[in-house]
Amino acid sequence: MKMEGKVAIVTGGASGLGLATVEQLLEKGSKVAILDMDVEKVKQIQENYGSNQLLAIQTDVTDEGSVQQAINQTYDTFGAIHICVNCAGISVGQKTYSSKGPFDFGRFKKVIDVNLNGTFNVTRLVAEKMVLNNSTEEELDRGVIINTSSGAAFEGQMGQAAYSASKAGVAGMTLPIARDLSQYHIRINAIAPGLFMTPMASGLPESAIKKIESQIEYPKRLGNPPEFASLVLHIIENTYFNGEVVRLDGGTRLPAR
Ligand SMILES: NC(=O)c1ccc[n+]([C@@H]2O[C@H](COP(=O)([O-])OP(=O)(O)OC[C@H]3O[C@@H](n4cnc5c(N)ncnc54)[C@H](O)[C@@H]3O)[C@@H](O)[C@H]2O)c1
């Protein structure tokens with residue numbers, strides 16, 4: 001799919017990987033709606049970019065009504081939705097059991113709710129708008145959806161039971177959703193990043209980041225958000241890319257700790 005003049009939704013687009021994606025989509029001439037919980041950042045981004053090409057809507061991806069309202073607002077403002085990039089996510093670390101007690105069940109459910117249920121909630125509702133687009137000989141795709149999994153879907157470290165389960169869910173639902181939506185010419189893929197330098201990762205102590213960097217195959221550094229965004233753009237452009245979970249991690253396979 002060509003990006004110029006198309007309409008994209010980016011959840012979690014107020015920060016990190018999502019924000020880098022928003023910036024590259026705007027450069028390509030797409031109109032973009034950011035769906036994010038963080039009101040202050042949402043307001044600031046809207047002020048920085050103006051409103052012709054960018055909408056910023058405070059949204060909770062876990063809330064059916066909130067997502068439906070944001071999708072309707074995007075559709076009513078820009079007239080269509082062609083691209084959806086799901087980056088909204090949270091990370092919580094806790095061991096299944098430790099001397100402090102068992103993993104807090106409420107925290108476990110929250111991670112699944114945001115990372116997995118929220119991603120599916122947006123995916124299903126955005127598909128309803130994508131089917132309304134035209135599929136032509138020059139442009140077969142009616143829509144392209146890109147979800148964000150994680151290397152933790154495959155090799156979760158200690159303390160990552162909830163996060164890994166949520167991201168394995170995102171990876172696992174990619175193919176069945178691709179099969180569900182293929183008759184409508186809507187593609188879906190997931191990217192499984194290694195560790196990227198975003199506000200989510202910068203919460204880690206310097207020593208933990210250094211240790212992770214030493215375990216990265218090549219290049220020995222964290223990923224940069226524009227590297228994630230450029231893969232998003234490639235997947236959007238490449239019509240043969242469908243039903244795939246692709247790792248973007250410098251060859252990293254993290255050990256238990
Ligand atoms: N940074 C990494 O190293 C890394 C690695 C693998 C996967 N990921 C995944 O990539 C995605 C983006 O991560 P990031 O590093 O850019 O994080 P980030 O914290 O910089 O950005 C996440 C954004 O999601 C938003 N958000 C959180 N809960 C939300 C909700 N319920 N509804 C709407 N928005 C919500 C936050 O407000 C924030 O703006 C996440 O799904 C994360 O799990 C990140």
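As the structure is a prediction and not an experimental result, all values here were calculated from the model. Just follow the structure's listing: the first ligand is 1, and inside any ligand the first atom is 1.
Side-chain contact between N72 and K129 is present, with at least one heavy-atom pair separated by less than 4.5 Å.
In summary, the side chains of N117 and T62 do not present any donor paired with an acceptor at a separation below 3.5 Å, with no hydrogens or angles considered.
A distance limit of 4.0 angstrom between heavy atoms and ligand 1 selects the residues G12, S15, G16, L17, D36, M37, D38, T59, D60, V61, C87, A88, G89, I90, V114, T148, S149, S150, Y163, K167, P193, G194, L195, F196, T198, P199, M200.
Listed for the Q53 side chain is a donor-acceptor partner under 3.5 Å among the backbone atoms of L26.
The side-chain contact (heavy atoms from CB on, under 4.5 Å) with N133 is formed by just one residue from the set H185, R142, E139; it is R142.
E206 and K210 are joined by a salt bridge, as a carboxylate oxygen and a charged side-chain nitrogen come within less than 4.0 angstrom of each other. In this structure, E217 does not pair ionically with R247, as no charged nitrogen and carboxylate oxygen lie closer than 4.0 Å.
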